[in-house]
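Here's the structure we're looking at; comments come further down.
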Amino acid sequence: MGKFIKTLFVAGIMVAVQLCCNSSYALNFHPFTPHGLFGALPSGSINGFFPEPIIDLRNLGWTDAFDKMHATLQKEYAFTNYRNINWEELKQTIRPKILQAELNNNEIEYYTALREYIVALHETHTDLVYDYLNPEIANFVFQAVYHNIGGSYGLIVSKLDNGKFIASYVADGGAAQRAGIIAGAEIINWNNQPILSAINNTSLTWSSEYDLDGLPYHIYPVYAPSTQAGIQFQQLRLLVRASIKTPVNIVFQNPGSQTQITKTLIAQDDNQDTLKRTALYHDPDLDSHDDPSKAIKYQILPGDYGYIRVLSEVYEKDKGNREKIGYLTFKKAIDYLNQHGITKVIVDIRGNNGGDPELSCDFSGFFSHHSSFCTKLSAYQRATQKYDSLDGQLGPYYHGPQDSYFSGKVAVLTDIGTLCAGEILAAGFKELSALYPGRVRVFSIDSNTTGSISSQYMIAMPGNFGVEYSILRAYDENGNILIESKPDSSGKLEGGIAPDEKIPLTTENALDIYSYAKDIVLEKAESWLKN
């Protein structure tokens with residue numbers, strides 16, 4: 001990495017604050033801008049809403065840049081009080097690692113410490129990004145990640161609703177299979193710890209949405225899960241990975257056996273198999289934030305079920321909502337189903353990565369004649385050092401009747417990867433399920449939605465990295481923060497939109513998902529529509 005630590009990005013990451021969208025997707029969908037992130041920094045308005053320029057700390061030493069970055073986040077971050085962030089404790093934990101990395105001139109230590117800082121905030125819209133189109137930088141990130149979690153023990157571990165942990169997938173020829181582990185085996189002890197303790201002690205430093213090679217140049221963006229369910233999901237993904245050749249002792253009990261077996265597994269390169277199988281986002285049209293026509297897909301499934309897939313609520317500047325391609329595409333989907341006499345539809349917003357909250361508020365309105373408050377937003381303004389509503393440019397927005405109407409039965413699919421504006425859409429459907437019981441129902445297999453609604457400002461850091469952090473809040477009609485996760489009475493982070501029906505994670509269901517790649521949520525929705 002050496003020589004490019006001191007150079008500028010050749011190509012810029014997105015400089016615009018993508019309204020209510022996951023930063024990793026902003027990175028993927030908007031890799032170029034007229035200015036470029038680490039070329040000339042822009043000073044004009046961002047997306048017509050946020051007039052704040054990116055803070056440029058590239059010319060500082062690593063520790064000085066960290067101190068200024070930390071001070072900025074402490075002042076401007078959207079949820080300090082809401083989420084009880086202890087900034088001083090975080091600084092005391094990470095700063096010595098940054099300082100030591102600088103003293104050692106060790107770029108991997110520096111990058112690792114930045115990742116630790118980001119995931120410690122447990123908030124999905126706080127992110128560490130880089131120019132993944134630059135092969136030298138992308139290769140550095142890939143090698144750092146590969147060094148730490150390039151090895152696999154050849155299994156996926158899932159937590160069942162009864163509290164047990166099982167091997168929900170065992171790879172052919174992998175370390176687990178060679179040790180005699182059968183799919184469905186209960187995992188009792190991991191590395192000389194009770195399995196739950198081992199999971200809770202698993203670091204989130206290398207947490208990400210994607211598998212390592214699912215995007216150009218093995219992009220591996222940081223993913224800071226926002227809820228306790230999200231944290232445990234990522235810890236389960238990382239538990240079964242380590243540096244290649246790292247040993248682990250495990251105790252397991254195969255299905256139908258009364259014998260507990262102890263074996264040592266050695267991590268081996270599996271070409272990221274378990275990461276791919278547990279990736280949150282794996283749709284082939286992940287570039288849909290750049291192409292509104294790809295963000296919404298629709299078809300008629302066997303059995304005469306309509307199916308609408310909403311990948312994102314693409315933000316389109318300087319258009320009224322009813323002129324936006326996303327809106328018009330959704331309307332076309334509704335009109336198409338109505339023209340073909342379809343009376344039952346599945347709306348799939350799993351992995352929806354956000355976008356324009358006004359579109360989210362509108363989409364659920366295609367299924368309702370009822371009007372209600374949706375949300376109002378506010379963003380941090382450095383001029384006032386406050387969270388201002390910017391003269392109504394950020395709402396209020398309302399759920400309400402649209403240009404077309406679908407009167408039939410609606411099954412909505414959500415998951416832990418439904419994010420930001422996608423969560424606003426999920427909230428709209430939850431409201432409809434209460435308004436029209438028996439006609440609208442929201443399904444999920446794993447948990448609530450992500451529990452993170454915001455947008456970001458960016459700080460340009462030494463080493464061609466950018467730190468993005470949340471500067472936008474979504475409110476309900478009474479001024480309460482919506483959906484964003486916060487600590488409960490026990491300190492666990494809870495948030496997001498709960499489904500009407502959470503499909504239980506039984507042994508059978510876990511095996512269906514990971515060993516047999518069945519879409520049991522879709523199957524459950526079809527069964528409900530049929531009956």
Side-chain angles (χ1 to χ4, degrees), residues 1-13 23-24 27-28 37-38 54-70 72-73 90-91 93-122 124 126-151 202-213 215-224 234 238 241-244 272 275 456 458-469:
M1 183 173 174
K3 58 186 178 183
F4 68 77
I5 268 286
K6 299 175 184 175
T7 62
L8 306 183
F9 270 173
V10 176
I13 305 172
S23 58
S24 301
L27 181 92
N28 185 27
L37 170 57
F38 288 168
I54 294 167
I55 296 174
D56 186 1
L57 306 179
R58 292 169 295 158
N59 294 326
L60 300 180
W62 296 349
T63 308
D64 287 344
F66 173 82
D67 288 344
K68 290 186 180 298
M69 174 205 75
H70 178 84
T72 300
L73 266 67
L90 181 58
K91 181 177 181 180
T93 301
I94 304 299
R95 189 181 190 277
K97 298 180 181 182
I98 299 286
L99 177 60
Q100 190 62 52
E102 186 168 22
L103 292 173
N104 296 341
N105 194 30
N106 189 313
E107 295 152 345
I108 289 181
E109 289 180 5
Y110 166 65
Y111 173 69
T112 302
L114 286 178
R115 287 189 74 110
E116 288 183 33
Y117 182 94
I118 295 300
V119 298
L121 287 169
H122 296 305
T124 304
T126 302
D127 205 355
L128 179 65
V129 296
Y130 63 95
D131 180 9
Y132 71 86
L133 294 179
N134 183 319
E136 191 173 7
I137 300 171
N139 186 61
F140 165 80
V141 172
F142 173 74
Q143 292 301 328
V145 175
Y146 185 78
H147 173 75
N148 283 276
I149 60 168
T202 298
S203 170
L204 289 168
T205 299
W206 303 103
S207 170
S208 179
E209 303 105 314
Y210 304 104
D211 55 274
L212 292 180
D213 64 353
L215 291 170
Y217 297 113
H218 309 288
I219 182 176
Y220 197 82
V222 179
Y223 182 84
Q234 290 294 333
L238 297 168
R241 306 201 65 85
S243 298
I244 292 173
Q272 298 86 51
L275 291 173
Q456 304 98 333
M458 185 182 286
I459 299 173
M461 296 290 286
N464 291 307
F465 299 112
V467 171
E468 295 182 321
Y469 58 99

Close side-chain approach of Trp206 to Val119, heavy-atom, < 4.5 Å: no
Flag, side chain of Ser207 to backbone of Tyr223, donor-acceptor distance under 3.5 Å: yes
Gap between atom OH of Tyr469 and atom CD1 of Ile55 - 0.5 Å precision: 4.5 Å
Gap between atom CG of Leu90 and atom CD of Glu116 - 0.5 Å precision: 10.5 Å
Heavy-atom side-chain contact between Asp67 and Lys91 under 4.5 Å: yes
Contacts of type ring pair (Phe, Tyr, Trp, His ring centres under 6.0 Å), residue Tyr117, not counting sequence neighbours: Phe66, His70
Minimum side-chain heavy-atom gap Val129-Met458 below 4.5 Å: yes
Close side-chain approach of Val222 and Tyr130, heavy atoms under 4.5 Å: no
Closest heavy-atom pair and its distance - Pro462, Gly61: CG-O, 4.3 Å
Approximate separation, where rounding is to 0.5 Å, of Leu99 CG and Asp64 CG: 10.0 Å
Check: Ile98 and Leu114 side chains under 4.5 Å, non-hydrogen atoms: yes
Glu109 vs Asn104, side-chain hydrogen bond (donor to acceptor under 3.5 Å, both in side chains): CA-CA, chis, key distance, verdict: CA-CA 9 Å; Glu109 289 180 5; Asn104 296 341; 3.2 Å; yes
Pairwise distance NZ(Lys97) to CH2(Trp62) - rounded to 0.5 angstrom: 15.5 Å
Euclidean distance, Gln456 CD relative to Thr126 OG1, rounded to 0.5 Å: 7.5 Å
Closest heavy-atom pair and its distance - Leu204, Leu238: CA-CD1, 4.0 Å
Enclosure of Lys68 NZ (heavy-atom neighbours >12, cutoff 6.0 Å): no
Leu73 side chain reached by Leu121 side chain, heavy atoms, under 4.5 Å: yes
Centroid-centroid distance, Phe140 to Tyr111, less than 6.0 Å: yes
From CZ (Arg241) to CG (Asn148), nearest 0.5 Å: 11.5 Å
Test item: Tyr110 and Glu102 side chains (from C-beta on) under 4.5 Å apart, heavy atoms: no
